[in-house]
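To start, the structure under review is shown below, and the notes come after it.
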Amino acid sequence: MTATDSLNAIKGTRDILPEEVAYWQWIEQAARQIFSRAAYREIRTPIFEQTELFARGIGEATDVVGKEMYTFIDKGDRSVTLRPEGTAGVVRAYIENGLHVKGSLQRLWYLGPMFRYENVQAGRQRQFHQLGMEVLGSADPRADVEVIALAVDLLNDLGLPNLRLDLNSVGTPEDRLRYRAALVDYLTPYQAELDPDSQNRLSRNPMRILDSKIAATQKIVEAAPKIWSYLAPDSQQRFERVQQQLTDLGIAYSLNPRLVRGLDYYTHTAFEIIAETGLGAQNAVGGGGRYDGLVSELGGPETAAVGWAMGLERLLLLLQQLKSAPASPLDFYIVSRSPAAEAQALRLAQALRHAGFATELDLSASAFGKQFKRADRSGAAGCLILGEAEAEAGTVQLKWLASGEQEALSQTDLLNQVETLRQRMQRSLELP
RNA sequence: GCGAGCGUAGCCAAGUGGUUAAGGCAGCGGAUUGUGAUUCCGCCAUUCGAGGGUUCAAGUCCCUUCGUUCGCCCCA
């Protein structure tokens, strides 16, 4: 394909072709079922919002806001941004629609495209999709455990192996302030040995140094003080309760003191779900945590909240390595020849579809031999043949493709014997 | 934003400076004018992402550019 004379999808975006959509629907269906069973309701918020929402919600100093937002000025001279994540929009909707008044607790989930202006690599695009959930209005550690359990339920339901749940607590803002000071004290003597990025972060966001992938930096960080020693007794206690309750539910996790989330709004519980194999360098399938300060930060009442998001494309990558998508089964394939037969075939297709049969009509008007070849490849259980003779007699030939058996019956009989047909269809499918 | 690899048909590709660009899959037509497999035959790239340069000669070497892949940063 030449770049100059054809129109291509924008860098970092891609088409999801029909074969792949089967996987998407699989995930969506599983999510819908599991979430609604836990009394979560779906929410759909706009794909773009005021830039200010993300800048304030996610944090000006984060990479997402600092360099990855798709921001533009619209014709009304407003700065708008394609949402880079889902939580800020959900929280805005929660405040704006007074959901805190309507019920003391909101359990919500969402699914949709997100946008970040980043360079593309395996498992990372500019338009990608996230599935997420939020519990707004509960500070109970059981809410943390519930959302984690639902994430695990979904992944188990999909049958994904080799996933690891990493858990940490980032405490309250006050806890973090104390820890941050201790961390800077520890790291400052090593400043010269840190990689340039980490040197930079030492003053701006020292906790982010903890999850650096640079080997030399990691070595220094290994002996760094852990946040756990700086958690206030309350924070410590709720961290322990989350762990205890996860264990009660039989959910395995690894404590990871170096787990730091990239968005500013997290407090207390932070977790990530990592694929140990099957993804490239971007191996986080999902992540989330508690964000007790966000609702008030965005102008709502003090509201405790917890949630997570998963990357659908990353889930897809794993799923496709494991299983092939289920093909949608076809009941009948109709071949026809001659104008009268073609007209009857069209009506017959319509009638069969209304009777609940998945029916494909051959539109080619090519030789019967060619049409049969396509019937065979369609995977249909039965082939209905309408030629000149059948059209004249008002009959149709029904051929069961697996066995090769063929019989003639009148078109009205065919439509009157729907139940019998269904049973025979069943038997025909069991044949091979 | 930075680094590296790769761009030959719808897809997978051979080709490593020498006349007309292998092969396979898919597709289309025919052998088979109303019956699916297999087989056989034919068709399917005036051109190698684009532009420029070197050379008697460029898919092949050089430059630019675009795309793509993987990675860094960071995240889903």
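Reminder, nothing fancy here: chain letters follow the sequence lines and each chain counts from 1.
Summarising the base pairing, B:C48 is matched to no nucleotide, lacking a Watson-Crick or G-U wobble pair whose two defining distances lie under 3.5 Å. With both pairing distances under 3.5 Å, B:G71 is matched to B:C2 as a Watson-Crick or G-U wobble pair. Figure legend. B:A58 is base-paired to no nucleotide; pairs are counted as Watson-Crick or G-U wobble with both atom distances under 3.5 Å. Here B:G10 sits opposite B:C25 as a Watson-Crick or G-U wobble pair (both hydrogen-bonding atom distances under 3.5 Å).
Toward the 5' end of RNA chain B, the nearer of the two residues A:G369 and A:L279, judged by each one's closest nucleotide, is A:G369. Residue whose closest nucleotide on RNA chain B sits further toward the 5' end, between A:L386 and A:T13: A:L386.
Regarding A:E134, its CD atom lies at a distance of 12 Å from the P atom of B:A76, rounded to whole Å. Spacing between atom CG of A:D63 and atom P of B:A76 amounts to 11 Å, rounded to whole angstrom units. Atom pair A:L259:CG and B:C75:C1' shows a separation of 12 Å (rounding to whole Å applied). The separation between A:Q130 atom CD and B:C75 atom C1' is 9 Å, rounded to whole Å. Taking atom OH of A:Y110 as the reference point, atom P of B:A76 lies 9 Å away to the nearest angstrom. Atom CG in A:L194 sits about 14 Å away from atom P in B:C73, given to the nearest Å. The separation between A:I273 atom CD1 and B:C75 atom P is 17 Å, rounded to whole Å. Distance CD1 (A:I27) to P (B:A76): 17 Å, rounded to an integer number of Å.
Side chains of A:T172 and A:T267: a donor-acceptor N/O pair is absent below 3.5 angstrom, by distance only. Side chains of A:Y291 and A:E134: a donor on one and an acceptor on the other come within 3.5 Å.
For the pair A:R126 and A:Y117, the distance from NZ or CZ to the six-membered ring centre is under 6.0 Å and the angle to the ring normal is within 45 degrees.
A distance of about 49 Å separates the P atoms of B:C56 and B:C28, rounded to the whole Å. Taking the C1' atom of each, B:U46 and B:C63 are spaced 27 Å apart, rounded to whole Å. B:G10 and B:C44 are spaced 11 Å apart, taking the C1' atom of each and rounding to whole Å. The P atoms of B:C41 and B:A4 are separated by 49 Å, rounded to the nearest whole Å. Using atom C1' as the reference point in both B:C2 and B:U16, the two lie 31 Å apart (nearest Å). Comparing the P positions of B:G1 and B:A58 gives an interatomic distance of 36 Å, to the nearest angstrom. B:G36 and B:A50 have their P atoms separated by 43 Å, with the value rounded to a whole Å. Rounded to the nearest Å, the gap between the C1' atom of B:U65 and that of B:C6 is 16 Å.
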Report each atom pair, protein N/O against N/O of nucleotides 28-33 of chain B, whose distance is under 3.5 angstrom.
| residue | atom | partner | partner atom | Å |
| --- | --- | --- | --- | --- |
| B:C28 | OP1 | A:R374 | NH1 | 3.4 |

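Within the 4.0 angstrom heavy-atom criterion, only backbone atoms of the sugar-phosphate kind lie near A:G286; the bases stay farther away. Nucleic acid contact for A:W308: none, since no nucleic acid atom lies under 4.0 Å from a heavy atom of the residue. Note on A:E313: nothing from the nucleic acid sits closer than 4.0 angstrom, heavy atoms only. Across all strands, A:V335 comes closer than 4.0 Å to no nucleic acid atom at all (heavy-atom distances). A:E390 comes within 4.0 angstrom of a base, heavy atoms only. Within 4.0 Å (heavy atoms only), A:I385 reaches at least one base atom of the nucleic acid. When heavy atoms are screened at a 4.0 angstrom cut-off, A:L315 is found touching no nucleic acid atom at all.
Interface remark: the A:K399 side chain does form a donor-acceptor pair with the B:G36 base, using a distance-only criterion of under 3.5 Å. For B:C75, the base has a donor-acceptor partner in the side chain of A:R314 [N/O atoms by modelled type, under 3.5 angstrom]. Scanning atom types as modelled, no donor and acceptor separated by under 3.5 angstrom connect the side chain of A:Q371 and the base of B:U35.
In this structure, A:W109 and A:I43 have side chains that are not in contact, with every pair of non-hydrogen atoms separated by 4.5 Å or more. The side-chain heavy atoms of A:N168 and A:F271, taken from C-beta on, include no pair separated by under 4.5 Å.
Side-chain N/O atoms of A:R208 include none lying less than 4.0 angstrom from OP1 or OP2 on B:C73. At B:C72, one or more side-chain N or O atoms of A:Q282 fall inside 4.0 Å of OP1 or OP2 (strictly under the cut-off).
We find that A:E42 and A:R44 are joined by a salt bridge, their nearest charged nitrogen and carboxylate oxygen being less than 4.0 Å apart. Looking at A:E52 and A:R92, no side-chain N of the basic residue comes within less than 4.0 Å of a carboxylate O on the acidic one, giving no salt bridge. Remark: A:E276 engages A:R164 in a salt bridge, criterion side-chain N to carboxylate O under 4.0 Å. A salt bridge between A:E146 and A:R107 is present, with a side-chain N of the basic residue lying under 4.0 Å from a carboxylate O of the acidic one.
Note that the CZ atom of A:F372 and the SG atom of A:C383 stand 4.5 Å from one another [nearest 0.5 Å].
By the 30° and 60° cut-offs, the orientation of the rings of A:Y230 relative to A:Y179 is tilted.
RNA chain B lies under 4.0 Å from at least one heavy atom of each of the following residues of residues 118-126 of chain A: A:E118, A:N119, A:V120, A:Q121, A:A122, A:G123, A:R124, A:Q125.
By the neighbour-count criterion of 12 heavy atoms within 6.0 Å, atom CZ of A:R37 is densely surrounded, having more than that number from other residues, nucleotides or ligands.
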